[in-house]
Asker: 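What follows is a structure written as structure tokens; I'll ask about it next.
Each chain gets a letter, A, B and so on, in the order the sequences are listed, and its residues count up from 1. Small disclaimer: the values here were computed from a predicted structure and weren't measured. As a basis for the values below, the full set of heavy atoms in this structure was taken, side chains included, without hydrogen atoms, waters or symmetry mates.
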2 protein chains.
Amino acid sequence: MGEPRWLDEREAHVWRAFLALQRELTGALERGLVRDSGLSNADYSLLVPLSEAPDGLLRARELGMRVGWERSRLSHQVKRMEKRGLVVREECAEDARGSMVRLTPAGRAAIGAAAPGHVDSVRRYLFDVLSREELDVLGRAFDRVLARIAADDDEADPTR
Amino acid sequence: MGEPRWLDEREAHVWRAFLALQRELTGALERGLVRDSGLSNADYSLLVPLSEAPDGLLRARELGMRVGWERSRLSHQVKRMEKRGLVVREECAEDARGSMVRLTPAGRAAIGAAAPGHVDSVRRYLFDVLSREELDVLGRAFDRVLARIAADDDEADPTR
DNA sequence: ATTACTTTGGTGACGCATCAACAATGGAGG
DNA sequence: CCTCCATTGTTGATGCGTCACCAAAGTAAT
């Protein structure tokens, strides 16, 4: 074991800034989305891949993989969205276990109304204040961290 | 109005990587914390400033400001933690409206047991794969985005 | 075909987060 | 003092996210 290595000043600063960024940016985007279109971040996350799919139709499993969610989370969210008329669940022809999620006209209208403002917000908060060089550094850094986490997960459960 | 400016390829990549990073990193840290010490991220967030305060005692308002939470969120979380014996609420002598939050011995033991492993996780996932130059870029970029969000909030409600 | 295992999805319970509403105190100005 | 307002904190309702568990259907081995 030995003495744990605490974060040095530079690391602590980046870490606390990351936590604050997560909190503030996610919060600001969510508030804007709710205010302008009545959609939550979770709604928006699902509406994007659905709106890009042919006929606004996706297998639940496929939708979950595209947004990186587990089955349970997806199921709960789809249920809430179905109750509000944004999507409908349908049975899957090829695989009787499966479930299809289809965008309704109301859902398509909602994402269409919300997207421009949301993208504007992301641009205003994030990309307007970052240089092209910084974007490159961020992109590479984020990818490396993601690869590290994925590798660590594999080590914990190689079968997945 | 006019046509919305969508994200270019570089921006879209960074944005999706950021969303994935948020999801995966937060999730991995939370799972490790729960597995190793039975604490959630929310618990940990509050235990850190409390453990650094004299006598493990902080005014609720002060605690909320240190972690960047609103009053309601803090109140709910403190209630849950009090039920598990990690903290206790006490009345505030100087201001009868106020409420003090005090770390219990069990709470201090919990953060002491959890912190080394948690810091190790942050280091392993994040700082082990980032260079010193990247840290500098990240720190400056994050700060600039935070300043932008804060400025935008002020514009929306200058009284705050 | 039967058994065993995996994949897919749903459900209930509980913790977390936000919002609106409320209560109580503190403080400033008449 | 008293009125008005801001500050501090709590609560209940609701949405979000995870976990443990279950059920049904596919799939592979015997």
Asker: Taking for each residue the nucleotide of DNA chain D bearing the nearest heavy atom, is the 5' side occupied by A:His76 or by B:Val78?
Answerer: B:Val78
Asker: In this structure, how many angstroms lie between the P atom of C:dT8 and the CZ atom of A:Arg73, rounded?
Answerer: 19 Å
Asker: Quickly work out the A:Leu46 CG to C:dG9 P distance and round it to whole Å.
Answerer: 13 Å
Asker: Once you apply a heavy-atom cut-off of 4.0 Å, does A:Arg89 come out as touching a base, just sugar-phosphate, or nothing?
Answerer: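 The residue A:Arg89 makes sugar-phosphate contact but no base contact.
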Asker: With a 4.0 Å limit, can you tell me whether B:Arg61 has a side-chain N or O closer than that to the phosphate oxygens OP1/OP2 of D:dT8?
Answerer: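 Yes, B:Arg61 has a side-chain N/O under 4.0 Å of OP1/OP2 on D:dT8.
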Asker: Before accepting this row, confirm whether a basic side-chain N of the pair B:Arg80/B:Asp43 lies closer than 4.0 Å to the acidic partner's carboxylate O.
Answerer: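 Salt bridge flag = no for B:Asp43 with B:Arg80.
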Asker: So which one's nearest nucleotide on DNA chain C is more toward 5', A:Arg97 or B:Asp95?
Answerer: A:Arg97
Asker: Taking the nucleotide of DNA chain C with the closest heavy atom to each, which residue, A:Ala60 or B:Arg84, is nearer the 5' end?
Answerer: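 The residue closer to the strand's 5' end, by nearest nucleotide, is A:Ala60.
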Asker: Given atom CG of A:Leu29 and atom P of C:dT18, what is their separation to the nearest angstrom?
Answerer: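 In whole Å, C:dT18 P lies 13 Å from A:Leu29 CG.
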Asker: When you measure from the side chain of A:Trp69, which nucleotide among C:dC16, D:dG17, D:dA13 comes out closest?
Answerer: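 For A:Trp69, the side-chain atoms sit closest to D:dG17.
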Asker: Please determine if a side-chain N or O atom of B:Ser40 lies less than 4.0 Å away from the OP1 or OP2 oxygen of C:dC16.
Answerer: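 B:Ser40 to C:dC16 OP1/OP2: side-chain N or O found under 4.0 Å.
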Asker: Please report the distance, rounded to the nearest Å, between NZ in B:Lys83 and P in C:dC16.
Answerer: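 About 10 Å, once rounded to whole Å.
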Asker: Distance check needed: C:dT18 P versus A:Leu39 CG, whole Å only.
Answerer: 18 Å
Asker: Describe the nucleic acid contact of B:Arg23 in one word from base, sugar-phosphate, nothing, applying a heavy-atom distance below 4.0 Å.
Answerer: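 Contact class for B:Arg23: none.
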Asker: If you take atom types as modelled and just measure distance, does the side chain of B:Arg71 reach the base of D:dG9 with a donor-acceptor pair under 3.5 Å?
Answerer: yes
Asker: Starting the side chain at C-beta, find the nucleotide from C:dT11, D:dT11, C:dC19 nearest to A:Ser75.
Answerer: C:dT11
Asker: Considering only NZ, NE, NH1 and NH2 on the basic side and carboxylate oxygens on the acidic side, decide whether A:Asp8 and A:Arg10 come within less than 4.0 Å.
Answerer: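 So A:Asp8 does not pair with A:Arg10 through a salt bridge.
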Asker: Can you tell me if the side-chain N/O atoms of B:Gln77 get under 4.0 Å from OP1 or OP2 in C:dC16?
Answerer: yes
Asker: So, OP1 or OP2 of D:dG15: does either fall under 4.0 Å of a side-chain N or O from A:Lys79?
Answerer: no
Asker: Report the distance from atom CD of A:Glu62 to atom P of C:dT7, rounded to the nearest whole Å.
Answerer: 16 Å
Asker: Reckon B:Arg59 touches a base, only the sugar-phosphate, or nothing at all at heavy-atom distances under 4.0 Å?
Answerer: sugar-phosphate
Asker: Without decimals, in angstroms, what is the distance between A:Arg80 CZ and D:dA13 P?
Answerer: 18 Å
Asker: For the residue pair A:His118 and A:Asp36, confirm or rule out a side-chain donor-acceptor distance under 3.5 Å.
Answerer: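 Per modelled atom types, A:His118 and A:Asp36 side chains form no pair under 3.5 Å.
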Asker: Between A:Phe18 and B:Phe142, how do the two ring planes meet: parallel, tilted or perpendicular, split at 30° and 60°?
Answerer: tilted
Asker: For A:Ser99, which contact category applies under a 4.0 Å heavy-atom criterion: base, sugar-phosphate, or nothing?
Answerer: sugar-phosphate
Asker: Applying a 4.0 Å non-hydrogen cut-off, can you work out what B:Glu30 is touching in the nucleic acid: base, sugar-phosphate, or nothing?
Answerer: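 No contact.
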Asker: Taking NZ, NE, NH1 and NH2 as the nitrogens, is one of them in A:Glu134 or B:Arg144 under 4.0 Å from a carboxylate oxygen of the other?
Answerer: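 Yes, charged N to carboxylate O under 4.0 Å.
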Asker: When we call it a touch if two heavy atoms are under 4.0 Å apart, what does B:Glu70 touch: a base, just sugar-phosphate, or nothing?
Answerer: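 Sugar-phosphate contact only - B:Glu70 comes under 4.0 Å of backbone atoms but never of a base.
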